[in-house]
There are 2 protein chains.
Amino acid sequence: MSTFLGITTDDQGRKHAMEPCLEPCPIERGMRVLGGKWKGSILWHLKDGPVRFNDLARQLGGASKKMVTQRLRELEEAGLVTREVVSDRPIAVVYKITDFGKTTLDFLETLKHWVEKHQI
Amino acid sequence: MSTFLGITTDDQGRKHAMEPCLEPCPIERGMRVLGGKWKGSILWHLKDGPVRFNDLARQLGGASKKMVTQRLRELEEAGLVTREVVSDRPIAVVYKITDFGKTTLDFLETLKHWVEKHQI
DNA sequence: ATACCTGGTTACTAAAAGTAAACTGGTTGA
DNA sequence: TCAACCAGTTTACTTTTAGTAACCAGGTAT
């Protein structure tokens with residue numbers, strides 16, 4: 001019976017992971033919330049104040065409206081942004097980053113720095 | 001002609017984004033390199049030293065071998081990990097994080113902290 | 001022989017990402 | 001009044017990615 005780097009080999013030579021990420025590890029769970037395509041960008045674009053739906057879609061240029069809607073719904077569900085109908089007739093909706101959403105900005109900034117530093 | 005939060009409205013009332021992320025902004029580009037499913041986890045699991053293919057697959061428990069192979073190839077292409085055949089007959093392959101790969105650990109740690117702090 | 005180990009590949013299905021177009025309803029300008 | 005835009009979606013559809021399970025070649029241990 002031996003152990004090396006989190007892998008156990010039993011007396012029959014069978015190997016087993018000691019701490020398998022059976023249920024996804026923190027990094028993976030985090031990526032599922034923030035790693036979806038466009039999610040980071042949306043949060044980043046909301047950091048300076050509320051933005052209306054179409055303005056957001058335009059700034060994200062490259063993401064279709066459907067994608068933007070879909071990501072916004074997910075971010076809303078995760079409590080990172082809120083949707084607010086500002087006026088009916090003519091309809092106007094703004095999306096705002098929540099206080100909780102703002103806690104991700106550190107992380108996004110780290111990513112941005114990394115990308116810029118290494119010319120990704 | 002007016003400007004508000006990066007959106008220009010021309011004298012005809014047509015709106016345009018001033019700095020659209022026409023080609024994906026840093027956050028988006030970074031996510032395309034690090035945000036794929038399992039990529040972060042793989043880098044994280046390699047941080048303490050070289051790991052063999054099957055050990056990695058076991059530790060990631062939940063990712064199939066095909067997924068692990070595929071992500072490793074992408075990380076290799078991005079210069080974040082290296083593949084090394086350590087012995088032929090019996091075959092043994094180890095994956096190592098590169099110096100460049102190590103520059104992502106800050107970012108991954110920030111993510112991990114965020115997830116743990118907010119019980120994601 | 002049998003059953004496991006190694007590091008993959010193959011063939012296939014399910015889920016996610018993506019597009020372009022349509023829709024309801026309102027405003028603007030000629 | 002009519003066309004041409006605005007708003008914020010939704011629909012129908014295609015493409016890409018993620019995912020599973022089975023298999024393979026070559027080797028070792030019982």
Side-chain angles (χ1 to χ4, degrees), chain A residues 1-2 4 7-17 21 24 28 31-33 35-42 50-77 81-95, chain B residues 2 4 7-17 24 28 31-33 35-42 50-76 81-96:
Chain A
M1 174 87 171
S2 73
F4 184 64
I7 303 290
T8 314
T9 307
D10 67 19
D11 48 10
Q12 297 260 298
R14 286 185 207 90
K15 293 191 175 183
H16 305 277
C21 289
E28 211 47 47
M31 283 298 187
R32 272 164 216 189
V33 176
K37 225 162 179 172
W38 305 112
K39 282 181 169 184
S41 306
I42 290 176
V51 180
R52 295 182 58 163
F53 177 81
N54 278 336
D55 290 349
L56 195 54
R58 263 188 294 266
Q59 288 179 327
L60 258 42
S64 66
K65 288 170 157 205
K66 184 195 142 190
M67 281 297 103
V68 179
T69 308
Q70 220 166 77
R71 292 306 135 247
L72 281 167
R73 295 291 168 274
E74 290 170 16
L75 291 169
E76 218 187 327
E77 208 166 332
V81 310
T82 50
R83 178 183 185 274
E84 230 171 281
V85 179
V86 168
S87 98
D88 198 26
R89 190 168 34 261
I91 187 161
V93 176
V94 294
Y95 288 90
Chain B
S2 73
F4 184 62
I7 303 288
T8 313
T9 306
D10 68 18
D11 47 11
Q12 253 117 105
R14 285 186 209 90
K15 293 191 176 183
H16 305 278
E28 213 45 48
M31 283 298 188
R32 270 165 216 189
V33 175
K37 225 164 181 173
W38 306 112
K39 283 180 170 183
S41 307
I42 290 175
V51 180
R52 295 180 58 165
F53 177 81
N54 277 336
D55 290 350
L56 195 54
R58 263 188 294 267
Q59 290 181 326
L60 258 42
S64 66
K65 288 171 159 203
K66 184 193 141 192
M67 280 298 102
V68 178
T69 308
Q70 220 167 78
R71 292 307 136 243
L72 281 168
R73 296 289 169 276
E74 291 171 16
L75 291 170
E76 219 186 325
V81 309
T82 51
R83 179 183 184 273
E84 229 171 280
V85 178
V86 169
S87 100
D88 199 25
R89 192 170 31 261
I91 188 161
V93 176
V94 294
Y95 288 90
K96 284 183 188 175

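Chain letters run A, B, ... following the sequence lines, proteins first and then strands; every chain starts at 1.
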Given [N], is OP1 or OP2 found less than 4.0 Å from the side-chain N or O atoms of [X]?
X: B/Arg73; N: C/dG8; answer: yes
X: A/Trp38; N: C/dA17; answer: no
X: A/Arg83; N: D/dT9; answer: yes

| Euclidean distance, B/Arg83 CZ relative to B/Arg73 CZ, rounded to 0.5 Å | 5.5 Å
| To the nearest 0.5 Å, what is the distance between CZ (A/Phe53) and OG1 (A/Thr69)? | 3.5 Å
| request: Between A/Val93 and A/Lys66, just flag the one whose closest nucleotide in DNA chain D comes earlier from the 5' side. | output: A/Val93
Nearest of [options] to any side-chain atom of [X]?
X: B/Arg71; options: D/dG27, D/dA18, C/dG8; answer: D/dA18
X: B/Phe53; options: D/dG27, C/dT6, C/dG8; answer: C/dG8
X: A/Thr69; options: D/dT10, C/dG7, C/dT6; answer: D/dT10
X: A/Asn54; options: C/dA17, D/dA7, C/dG8; answer: D/dA7

| request: Please report the closest heavy-atom contact between B/Lys65 and B/Asn54, naming both atoms and the distance. | output: CE-OD1, 3.5 Å
| said: I need the single residue from A/Lys37, A/Arg32, A/Lys39 that forms a salt bridge (Lys or Arg N to Asp or Glu O under 4.0 Å) with A/Glu74. Which is it? | reply: A/Lys39
Using atom [atom1] of [X] as one end and atom [atom2] of [N] as the other, report the distance to the nearest whole Å.
X: B/Glu74; N: D/dT16; atom1: CD; atom2: P; value: 15 Å
X: B/Arg52; N: D/dG27; atom1: CZ; atom2: C1'; value: 12 Å
X: A/Ile91; N: D/dT10; atom1: CD1; atom2: P; value: 10 Å
X: A/Arg58; N: D/dC5; atom1: CZ; atom2: P; value: 14 Å
X: B/Lys65; N: C/dT10; atom1: NZ; atom2: P; value: 15 Å
X: A/Met67; N: D/dT15; atom1: CE; atom2: C1'; value: 12 Å
X: A/Leu72; N: D/dT10; atom1: CG; atom2: C1'; value: 15 Å
X: B/Gln70; N: C/dG8; atom1: CD; atom2: C1'; value: 13 Å

| query | Are any of the side-chain nitrogens in B/Asp55 or B/Arg58 under 4.0 Å away from the carboxylate oxygens of its partner? | reply | yes
| field | Heavy-atom donor-acceptor pair, A/Lys37 side-chain to C/dG18 base, under 3.5 Å | value | no
